[in-house]
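Treat the numbers as computed from the prediction; the structure is a model and nothing was measured. Here is the naming used below: chain letters follow the sequence lines, and residue numbers restart at 1 for every chain.
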Protein chains: 2
Amino acid sequence: MTVSHDCPLCREDGGLLIALHHKFRIIRATGPDEVDFPGFYRVIWNAHRAEFSDLDAAERELLMAVVARVEVVLRECLRPDKVNLAALGNMVPHLHWHLIARYDWDSRWPAPVWAAPRREADAARLAALHDQSAACDAAIAGLAF
Amino acid sequence: MTVSHDCPLCREDGGLLIALHHKFRIIRATGPDEVDFPGFYRVIWNAHRAEFSDLDAAERELLMAVVARVEVVLRECLRPDKVNLAALGNMVPHLHWHLIARYDWDSRWPAPVWAAPRREADAARLAALHDQSAACDAAIAGLAF
């Protein structure tokens, strides 16, 4: 497998590991930047590739089928107002898809999570969502890939 | 086709129309928010669907194959440092993929385009990139779908 030794996503899982396949892994993002977004997961391609179009067609189809299946779990477990999907990689050019459950009460809504905060997130709803994380993790871990 | 009459992407193309397929269209984003990003295109699903997982598997594969092919054109025509892909839809919940050519000299790099500006974009490079837009449009329009 292609590895880049100075790439954090080649060295580490990149979050709380939820599921591991030989081609990809699914993590929950648990860093300080994501504390306002308990429903923030990433599907990370294990091999070091920068761009989506660096994958071949079969790899892209596999990866996006996984993204869609994880999105369905987020919708069922977390009932978001919207799911946000993104593959950016400007800082870590190792292909990873962000999947983020968004709510009209969250700190950035309706802007992307990378915009400046617009408000304090609703504390009670945020706490309730954090309480759902373990069940959502288990549902994702239970997917058969 | 499913249409929502209060949805701007059901009423209008949503940008400069580059290619039109019966299932999707490709536009170049030419609004005031995108003036710093000449290589900003969108692949828009024509029918009104909110989430990626609202499409069936064949539709998702078609859509992402188009996204990948447009990404390849952006890479060849515009030589970005990175391509950013995103399906957000918090404000307009009609499925559309943003494809954005990013550069280490652009106004938000390495943050997402939705973050606050970090600098003035390099004016000469920005002008040169604007000069490439018509050729990039033509290359996208020339793709056979």
Show me the donor-acceptor pairs, under 3.5 Å and distance only, between side chains in residues 126-145 of chain A and residues at least two apart or in other chains.
from: A:His130; atom 1: NE2; to: A:Val35; atom 2: O; distance (Å): 3.2
from: A:Ser133; atom 1: OG; to: A:His130; atom 2: O; distance (Å): 3.3
from: A:Asp137; atom 1: OD1; to: A:Arg28; atom 2: NE; distance (Å): 2.8
from: A:Asp137; atom 1: OD1; to: A:Tyr41; atom 2: OH; distance (Å): 2.6
from: A:Asp137; atom 1: OD2; to: A:Arg28; atom 2: NE; distance (Å): 3.2
from: A:Asp137; atom 1: OD2; to: A:Arg28; atom 2: NH2; distance (Å): 2.8

B:Lys82 side-chain N/O to A:Pro93 backbone N/O, donor-acceptor pair under 3.5 Å | no
Given B:Val67, which of B:Ile26, B:Leu85, B:Leu62 fulfils the side chain to side chain contact (heavy atoms under 4.5 Å, CB included) condition?
-> B:Leu85
Contact summary for B:Asp81 and B:Tyr103, nearest pair of heavy atoms = OD2-CA, 3.2 Å
Minimum heavy-atom separation for A:Arg102 to A:Phe37, with atom names?
-> NE-CE2, 3.7 Å
Aromatic rings A:His96 and A:His98: how do their planes relate, parallel, tilted or perpendicular, breaks at 30° and 60°?
-> perpendicular
Going by the angle between their ring planes, with limits at 30° and 60°, are B:Phe24 and B:His21 parallel, tilted or perpendicular?
-> parallel
Contacts of residues 70-80 of chain A with chain B (heavy atom under 4.5 Å) = A:Glu71, A:Val72, A:Arg75
What do the steps show when you test B:Ser107 against B:Arg119 for side chain to side chain donor-acceptor pair (under 3.5 Å), and what is the final call?
-> CA-CA 5 Å; B:Ser107 60; B:Arg119 67 186 70 82; over 6 Å; no
Among residues 52-60 of chain B, which residues come closer than 4.5 Å to chain A, judged by heavy atom distances?
-> B:Phe52, B:Ser53, B:Asp54, B:Arg60
Quick one: pull up OG1 in A:Thr2 and CG in A:Asn46 and give me the separation to the nearest 0.5 Å.
-> 11.5 Å
A:Asp36 bridged to A:Arg108 by N-O distance under 4.0 Å = yes
Could you list the donor-acceptor pairs under 3.5 angstrom formed by side chains in residues 3-15 of chain B, with sequence neighbours left out?
from: B:Ser4; atom 1: OG; to: B:Asp6; atom 2: OD1; distance (Å): 2.8

Whatever's closer than 4.5 Å to a heavy atom in chain A on B:Glu51 counts as both
Looking only at A:Pro110, A:Ala111, A:Ala116, A:Ala65, the option with the highest number of non-hydrogen pairs under 4.5 Å against chain B is A:Pro110
A:Pro112, A:Ala86, A:Ala50, A:Ala115: which one forms the most heavy-atom pairs within less than 4.5 Å of chain B?
-> A:Pro112
